[in-house]
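Chain naming here is simple, since letters A, B, ... match the order of the sequence lines and numbering starts at 1 in each.
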Amino acid sequence: ATPSDRTKTERELRKDFMRSKKDGAELLLTRTARPQRNHSDRNRKNVNSRDFLNFPPCGSIQRLNTVASLKFICRATAPSEPPAHPVLARALPSRYIRRVSPEEQLAVLTAGAAKVLSEKELLEKLRLGRPLRVKLGVDPTAPDIHFGHTVALEKLRQFQELGHQAVLLIGDFTATIGDPSGRSATRPPLTRDEVLANAETYTDQAFKILDKEKTEIVYNGDWFRKMSYDDILRLNSRVTLQQMLQREDFRNRIEAGQEIRLHELQYPIMQGWDSVEIRADVELGGTDQLFNILVGRDFQKEEGQPQQVVIVMPLLEGLDGTRKMSKSYGNYIGVSDEPQDMFGKLMSVSDELMDRYYLLLLGEARDPSGHPMEAKKSLAEKLTGRYHGEAAGNDARATWEARFSQRDVGAGATGLAISSLPADLNVLLLAAHCFKEAFGLEKSNGELRKQFITSGSVQLNGEKLTDAAAAVSIQSGDVLKLSKKHAVKFV
RNA sequence: GGGUAGAUGCCCGAGUGGCUAAAGGGGGCAGACUGUAAAUCUGCUGGCUAACGCCUACGCUGGUUCGAAUCCAGCUCUGCCCA
């Protein structure tokens, strides 16, 4: 809000609003950062704190206490916004947004965090009244970001919505080392080209969550590539080996008799230096990042900078429910997974894990009174909708229900041209062809025979095809089920 | 630099001359049951083959042998202990 906005009367604000109503937004007013008013204003009806002034076509008057509810209303009233994350500031003319008090911000920003170091420091920084520089470092070690990454990205978005400066650090340099955090083995090295390619898709996907316009992107190669050996030694001299070896992941590897390469020890040092270069006020990360982030605090102190506040988010368990979600474990849900895939993966998680997902991905607790399956469908629908649009979320749910609840194998089946089929068709050839053409899966004949055909997994229009050598003929509209998760419909 | 232990299938791990495509476990895949949940149960889990069988595979290279994951030599890599 500009200073002049703060002194505007409600009437003036209403007038402004009506004028700019084409934005499709609603007028929302929350408590001003500076409640004190000029005495000359006393006679004028000032915009009251916390009042939510409602305009047609809305209807009801509500009271807003938190940013979370504020956000909710914005989403509900701006249906034309892109599905993923209509950012508050984009949905509303910025001049109508009043600053949220530091205390309220604190409550929102620390929600769901595994650890905040410290809330007191964070509050002090929030009270400075300037946008904070909030760092989130990502290593483009894999091209896709998954739901595990989004936990911290969501937190970063909350900062962004409150008017703080999101700084997305692409660890193009550090990625070639590989973060040893939480690792039980040395990471395979990546080439620079791989890293750059990954970084690109990575940021594209991150902007499904963050507001691109308001995000500062930095590459740590920009400074690390310029450093001399002198500089590196100077940095290294500030950290002791004992400190490094305190780390649980290193200790475990030593105890387990596994190698630790020296370059892996550099990782926390580099990540720490990133914070100095960025002049971060806050750094976000997973709990496994705590040590690395703390190194950043040390460096900042030695450089005479204010120390960053540490906010670490819990690690999201992957689909197996035990190990953390990770590309390399293959237990992840990618942000760019197809809607049907995403929905299906979410439905396959255990009930226990569903509660975690509710908490960390939706930021809410599951209603324990409902049926777990309903709750899971709702979770899957919401998350699918978040990344693909509400309509896609609804679609995915409808297809899923038709296919699995009502056992309609054809629903959601992948279409396949009947003309692409080879001549002299038998069951084995048909299954191999469909796996390859529709899903890109190469199955050996033995596997097809043993797993899919003999077991009765392969079914044509509901009829089991258990003889691999039997001839089949396919007609348009036939549905071939290959497995629980794979079916094709011929066109 | 010295000593010592080791390298087996997707992973862990047993195997110390033929009965070994290699025990067992994990993971994965398919099926049953379900809420495509979890748990549980069953089957499969190097490739080709209808099958007999053939090919490929126990770090690399070479050797001994009718026959080598297994014995020998050299090499590469790793752990641990000492310096």
Side-chain angles (χ1 to χ4, degrees), chain A residues 183-186 188-189 250-262 264 317-324 326-333 337-358 366 368 370-381 383-384 396-413 424 426-429 431-432 434-435 439-459 462-471 480-487:
Chain A
R183 286 258 142 190
S184 53
T186 309
F250 283 151
R251 263 209 321 269
N252 288 346
R253 278 163 70 176
I254 290 169
E255 277 168 25
Q258 284 174 324
E259 56 166 343
I260 299 172
R261 300 274 172 167
L262 281 185
E264 297 183 70
E317 292 84 355
L319 294 173
D320 55 22
T322 49
R323 292 181 296 183
K324 73 166 181 172
S326 158
K327 174 101 174 170
S328 46
Y329 295 144
N331 62 356
Y332 70 103
I333 307 175
D337 278 357
E338 291 302 308
Q340 202 61 60
D341 261 7
M342 192 182 276
F343 197 96
K345 282 181 181 175
L346 284 164
M347 286 307 290
S348 78
V349 304
S350 72
D351 289 358
E352 197 178 312
L353 193 57
M354 166 173 69
D355 290 341
R356 289 282 287 169
Y357 282 16
Y358 257 93
R366 165 166 79 92
H371 190 286
M373 184 180 61
E374 272 311 311
K376 207 185 285 176
K377 282 181 185 171
S378 165
L379 170 79
E381 185 178 1
L383 288 174
T384 307
R397 177 177 179 142
T399 306
W400 189 90
E401 284 175 342
R403 185 157 170 197
F404 296 108
S405 300
Q406 294 157 36
R407 314 253 168 203
D408 174 6
V409 177
D424 286 335
N426 63 29
V427 173
L428 185 70
L429 282 172
C434 291
F435 264 121
F439 306 103
L441 298 171
E442 295 273 6
K443 302 276 183 193
S444 75
N445 289 346
E447 187 180 4
L448 285 171
R449 228 190 303 272
K450 280 185 238 173
Q451 308 279 62
F452 295 93
I453 298 176
T454 316
S455 71
S457 178
V458 175
Q459 299 173 7
E463 193 178 329
K464 290 182 183 178
L465 302 175
T466 50
D467 181 1
L480 183 75
K481 171 180 166 270
L482 293 165
S483 77
K484 271 188 186 174
K485 292 165 190 165
H486 303 281

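B:U4 and B:G79 make up a base pair, with Watson-Crick or G-U wobble contacts both under 3.5 Å.
Nucleotides B:U49 and B:U56 are separated by 15 Å at their C1' atoms, to the nearest Å. For the P atoms, the distance from B:G79 to B:G27 is 29 Å, rounded to whole Å. Spacing of P atoms, B:A14 relative to B:G9, comes out at 13 Å, to the nearest Å. Spacing between B:G47 and B:C52 at atom P, rounded to whole Å, works out to 16 Å. Separating the P atom of B:A32 from that of B:C80 is a span of 49 Å, rounded to the nearest Å. A gap of 22 Å separates the P atoms of B:A51 and B:A30, to the nearest Å. One P atom belongs to B:C29, the other to B:C75, and the distance between them is 44 Å to the nearest Å. Straight-line distance between the P atoms of B:C10 and B:G59: roughly 13 Å, to the nearest whole Å.
Atom CD of A:Glu442 is separated from atom C1' of B:C48 by 15 Å (rounded to the nearest Å). Following rounding to the nearest Å, A:Phe343 (CZ) and B:U36 (C1') show an atom-to-atom distance of 11 Å. At whole-Å resolution of the value, CG in A:Asn426 and P in B:A50 are 10 Å apart. One can place CZ of A:Arg449 at 6 Å from P of B:U49, the figure rounded to the nearest angstrom.
Rounding to the nearest 0.5 angstrom, the gap separating the CE atom in A:Met354 from the CG atom in A:Leu379 is 7.5 Å.
At least one side-chain nitrogen or oxygen of A:Ser444 sits closer than 4.0 Å to the OP1 or OP2 atom of B:C48. Contact check, A:Lys450 against B:U45: a side-chain N or O comes under 4.0 Å of OP1 or OP2. For A:Ser455 and B:G43, the shortest distance from a side-chain N or O to OP1 or OP2 is not below 4.0 Å.
A cation-pi arrangement is found for A:Lys345 relative to A:Tyr332, the charged atom lying closer than 6.0 Å to the ring centre and inside a 45° cone about the ring normal.
Comparing atom distances between the A:Lys481 side chain and each of B:G35, B:C48, B:G31 picks out B:G31 as nearest. Among the nucleotides B:G35, B:A30, B:U36, the one closest to the side chain of A:Ser405 is B:U36. In the set B:A38, B:A30, B:G31, the nucleotide with an atom closest to the side chain of A:Ser350 is B:A38. Here B:U49 is the nucleotide among B:U45, B:U49, B:G31 with the atom lying nearest to any side-chain atom of A:Asn445.
Within 4.0 Å (heavy atoms only), A:Lys376 reaches at least one base atom of the nucleic acid. Among the protein residues, A:Lys484 comes within range of the nucleic acid bases, having at least one heavy atom under 4.0 Å from a base atom. Residue-level contact check: A:Gly446 touches the backbone only, with heavy atoms under 4.0 Å from sugar-phosphate atoms and none from bases.
Remark: the backbone N or O of A:Glu317 is paired with a side-chain donor or acceptor of A:Tyr357 at under 3.5 angstrom.
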All N/O contacts under 3.5 Å from nucleotides 25-29 of chain B to the protein, with atom names and distances to one decimal?
from, atom 1, to, atom 2, distance (Å)
B:C29, O2, A:Gln451, NE2, 2.6

